[in-house]
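To start, the structure itself, in structure tokens.
No hydrogens, no waters, no symmetry mates; every other heavy atom, side chains included, goes into these values.
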Amino acid sequence: MKVIDLHSMIKGRTCYRSTWARGIQAYMLEMLDSIINGDYSEVNGDSDVSQVKLSHLINHCGGDFLSLTDTTDTESWRKVKDLCRDASNGGNFLIYNEDIMERLFPKSARTRSRENNAIYFQGLAITEAVSSLRRAVKVHLQIHEPETYAKLYGKKN
């Protein structure tokens with residue numbers, strides 16, 4: 001599966017009913033757009049998703065230890081969460097509280113408490129976006145490329 005195919009698949013999903021879910025989709029597309037637009041020399045839209053590292057998705061140099069198709073244990077997933085939080089705090093995504101609130105919460109749920117913690121919520125959303133991308137790749141491979149799935153995840157269809 002190529003990065004451009006993953007982007008098309010995510011963009012084509014229209015079943016997101018909540019503002020939070022649409023926000024997660026926006027982060028996923030933003031992550032893939034940076035790869036497709038040529039922000040990285042080692043990967044682009046025609047690259048296989050197995051070449052995409054966490055560092056490409058969140059623009060953080062500490063993420064080179066994990067690709068989209070790698071399996072994770074508890075410790076490595078804890079590291080992923082920390083890096084996503086760092087990316088949010090570091091301004092790698094939205095930087096203004098109002099913009100974050102608009103992306104993640106409906107008007108009726110935008111409270112002062114949430115606005116004061118907008119960067120925290122963005123870190124959670126970025127982590128969920130990374131998780132959703134990894135899950136989408138795994139499901140696609142399981143259904144459409146069972147040989148690749150078995151090779152990567154050690155399971156048969």
Side-chain angles (χ1 to χ4, degrees), residues 1 3-40 42-45 47 49-143 153:
M1 174 180 216
V3 173
I4 194 77
D5 299 330
L6 178 59
H7 184 275
S8 297
M9 185 174 77
I10 300 299
K11 191 172 186 174
R13 291 185 179 171
T14 57
C15 60
Y16 299 111
R17 298 182 72 191
S18 72
T19 305
W20 180 267
R22 286 189 299 274
I24 301 302
Q25 181 188 30
Y27 284 117
M28 288 190 287
L29 292 172
E30 195 174 312
M31 291 172 184
L32 296 173
D33 283 340
S34 68
I35 295 168
I36 292 167
N37 293 335
D39 290 355
Y40 304 98
E42 59 274 3
V43 291
N44 58 46
S47 299
V49 292
S50 63
Q51 295 175 296
V52 176
K53 304 278 187 198
L54 177 64
S55 58
H56 300 125
L57 297 174
I58 62 173
N59 192 23
H60 193 295
C61 60
D64 286 337
F65 72 96
L66 183 72
S67 81
L68 271 179
T69 56
D70 289 344
T71 57
T72 56
D73 58 9
T74 305
E75 184 59 37
S76 62
W77 190 248
R78 186 174 303 127
K79 191 172 177 183
V80 169
K81 290 196 244 179
D82 290 342
L83 290 173
C84 289
R85 194 172 19 253
D86 288 349
S88 176
N89 290 332
N92 296 9
F93 292 91
L94 299 176
I95 56 173
Y96 296 111
N97 288 350
E98 297 83 20
D99 294 339
I100 296 168
M101 295 299 292
E102 188 176 320
R103 178 174 281 185
L104 296 176
F105 298 103
K107 213 172 211 178
S108 62
R110 295 178 199 161
T111 63
R112 175 66 58 202
S113 172
R114 282 189 174 155
E115 187 170 337
N116 290 340
N117 293 304
I119 294 293
Y120 167 78
F121 287 115
Q122 179 173 248
L124 293 176
I126 293 167
T127 304
E128 191 172 330
V130 168
S131 176
S132 295
L133 283 172
R134 291 169 46 82
R135 190 171 39 256
V137 167
K138 189 173 184 178
V139 168
H140 172 83
L141 292 175
Q142 186 176 19
I143 294 169
Y153 301 105

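- A cation-pi geometry, defined here as NZ or CZ lying under 6.0 Å from the six-membered ring centre and within 45° of its normal, does not hold between Lys53 and Phe65.
- Side-chain contact of Asn116 with Ser113: a donor-acceptor pair under 3.5 Å is absent, judged by distance alone.
- At a threshold of 4.5 Å between non-hydrogen side-chain atoms, the residues Val52 and Leu32 do not count as touching.
- Looking at Gln25, its side chain does come within 3.5 Å of a backbone N or O of Ile10 through a donor-acceptor pair.
- Under a 3.5 Å cut-off, the side chain of Ser76 and the backbone N or O of Thr72 do not form any donor-acceptor pair.
- A donor-acceptor pair is defined here as one N or O able to donate and one able to accept, closer than 3.5 Å; such a pair exists between the side chain of Ser88 and the backbone of Ile119.
- Remark: the backbone N or O of Asp33 is paired with a side-chain donor or acceptor of Asn37 at under 3.5 angstrom.
- Within the 3.5 Å criterion, the main-chain N or O of Ile58 finds a donor-acceptor partner in the side chain of Asn92.
- Across Gly123 and Cys84, no two heavy atoms sit closer than the pair O-CB, 4.0 Å.
- Within the 3.5 Å criterion, the main-chain N or O of Ala118 finds no donor-acceptor partner in the side chain of Asn97.
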Is there a side-chain contact (heavy atoms from CB on, under 4.5 Å) between Thr69 and Leu141? Walk through the geometry before answering. CA-CA 10 Å; Thr69 56; Leu141 292 175; 4.3 Å; yes
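- Ring geometry, Trp20 versus Phe121: the interplanar angle exceeds 60°, so the pair is classed perpendicular (tilted spans 30 to 60°).
- Between Arg103 and Glu30, at least one side-chain nitrogen of the basic residue sits less than 4.0 Å from a carboxylate oxygen of the acidic one, meeting the salt-bridge criterion.
- Remark: the Asp70 side chain and the Ser67 side chain contain an N/O donor-acceptor pair separated by less than 3.5 Å.
- In this structure, Arg110 contributes its side chain and Phe105 its backbone to a donor-acceptor pair below 3.5 Å.
- Put simply, the side chain of Met1 reaches to within 4.5 Å of the side chain of Met9, judged on heavy atoms.
- For the residue pair Tyr27 and Gln122, a side-chain donor N or O sits within less than 3.5 Å of a side-chain acceptor on the partner.
- No side-chain heavy atom of Met31 sits less than 4.5 Å from a side-chain heavy atom of Asn59.
- Listed for the Ser132 side chain is a donor-acceptor partner under 3.5 Å among the backbone atoms of Glu128.
- A distance of 13.5 Å separates OG in Ser131 from CD1 in Ile126, rounded to the nearest 0.5 Å.
- Of the N and O atoms on the side chains of His56 and Gln51, not one donor lies less than 3.5 Å from an acceptor on the other residue.
- The distance from atom CE of Met101 to atom CZ of Arg112, rounded to the nearest 0.5 Å, is 9.5 Å.
- Using a 4.0 Å cut-off between a side-chain N of Lys or Arg and a carboxylate O of Asp or Glu, Asp82 and Lys79 do not qualify as a salt bridge.
- Atom OH of Tyr120 has 12 or fewer neighbouring heavy atoms from other residues, nucleotides or ligands inside a 6.0 Å radius.
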Apply the test side-chain contact (heavy atoms from CB on, under 4.5 Å) to residues Asn44 and Val3: give CA-CA distance (whole Å), side-chain angles for both, the deciding distance (0.1 Å), then the verdict. CA-CA 7 Å; Asn44 58 46; Val3 173; over 6 Å; no
